[in-house]
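Taking it in order: structure first as C-alpha cells, then the write-up.
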Amino acid sequence: MNFDRTDRISEEVRREIDRIIREEVRDPRVCGTWSITRAEVTRDLRYAKVRVSVLEEEQRKPLLAALKSASGFIRRQLGKGLRLRYIPELLFEQDDNIAYGVHIASILSDVSVEEGHSADTGEKDT
C-alpha cells in the first residue's frame, strides 16, 4: 500500500471527524476550545489514532471521555461520509499542542516585553 494514500486517508478522516464532532455530537461535555490535530490511520485501515488537543485543562478528561463514549456514533457517521472498504476503529488520545503553543506564545511575549523594557531604560544585555 502506498504511504501517500494512507496520509491522504488520514487527513480526510481527521477533517470528517472534526466536522462530525462539531455538528452532530450532542454531548454537553464536548465544549471549550479543542481541536482534532491529527489522525493516524494504520496501513490496513483498521484503526485510527485521533489526537485531540484541548486548551482548558479542566475540560480535557471530560471531553476525552465523551469522545470515547461517542466513538461508535462517530465511526458510523464516518462510514456515511467516506467511501472506504473498512471504517477504522477510533482511538482518541490527548494531544497538548494548543496548550504548548499558548505557553510558547506567553514566553515570547515576556521576552519581548523584557527587551522593550531594557531598551527603554538604556540597559545593555550581556
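Being a predicted model, the structure only gives us computed values, none of them experimental.
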- What distance do W34 atom CH2 and L55 atom CG have between them, rounded to the nearest 0.5 Å? 13.5 Å
- Test item: V52 and L64 side chains (from C-beta on) under 4.5 Å apart, heavy atoms: yes
- Partners passing side-chain hydrogen bond (donor to acceptor under 3.5 Å, both in side chains) against R76 (at least two apart in sequence or in another chain): none
- Note on the structure: Value for CG (L90) from CZ (F73), rounded to nearest 0.5 Å, stands at 12.0 Å
- Hits for salt bridge (Lys or Arg N to Asp or Glu O under 4.0 Å) against R75, two or more places apart or cross-chain, chain-then-number order -> none
- Message: Are V102 and Y100 linked, directly or through intermediate hydrophobic residues, by side-chain heavy-atom contacts shorter than 4.5 Å (ILVMFWY only)?
- Response: no
- Message: Looking at every non-hydrogen atom in both residues, tell me the closest pair between Q94 and D96 and how far apart they are.
- Response: NE2-OD1, 2.9 Å
- Query: Could you give the distance from CZ (F92) to CD1 (I74), rounded to the nearest 0.5 Å?
  - Reply: 4.0 Å
- Query: Do L82 and I17 share a hydrophobic cluster (ILVMFWY, side-chain heavy atoms under 4.5 Å, transitive)?
  - Reply: yes
- Could you tell me the separation between the CD1 atom of I21 and the CD atom of E16, rounded to the nearest 0.5 Å? 10.5 Å
- Message: How long is the straight-line distance from CD1 of I9 back to CG of L45, given to the nearest 0.5 Å?
- Response: 4.5 Å
- Query: side chain to side chain contact (heavy atoms under 4.5 Å, CB included) between V50 and L91: does it pass, once the steps are laid out?
  - Reply: CA-CA 6 Å; V50 181; L91 308 168; over 6 Å; no
- Whether R26 side chain and E23 backbone form a donor-acceptor pair below 3.5 Å: yes
- Note on the structure: On a heavy-atom basis, the closest approach of A39 and S10 is O-CB, 3.1 Å
- When rounded to the nearest 0.5 angstrom, what is the spacing between CD1 in I20 and CZ in R15? 13.5 Å
- S109 to S112 - nearest heavy-atom pair and separation: O-OG, 2.9 Å
- Task: Spell out, as yes or no, whether a donor-acceptor pair under 3.5 Å connects the side chain of S53 to the backbone of D95.
- Result: yes
- Task: Name all residues meeting the salt bridge (Lys or Arg N to Asp or Glu O under 4.0 Å) criterion together with E89; count only those two or more places apart in sequence or in a different chain, and write none if there are none.
- Result: none
- Query: Do you know the tightest heavy-atom contact between A66 and R29?
  - Reply: CA-NH2, 3.5 Å
- Task: Mind running side chain to side chain contact (heavy atoms under 4.5 Å, CB included) on V30 and D27 for me, showing each step along the way?
- Result: CA-CA 6 Å; V30 179; D27 192 319; 4.0 Å; yes
- Message: For residues 49-64, which residue pairs pass the salt bridge (charged side-chain N to carboxylate O under 4.0 Å, His left out) check, not counting sequence neighbours?
- Response: E40-R51, R51-E93
- Task: Tell me, please, which residues at least two apart from D18 pass salt bridge (Lys or Arg N to Asp or Glu O under 4.0 Å).
- Result: R22
- Can V54 and T33 be said to form a side chain to side chain contact (heavy atoms under 4.5 Å, CB included), step by step? CA-CA 6 Å; V54 183; T33 307; over 6 Å; no
- Task: With sequence neighbours left out, write down each residue that passes salt bridge (Lys or Arg N to Asp or Glu O under 4.0 Å) with R14, or none if nothing qualifies.
- Result: E11
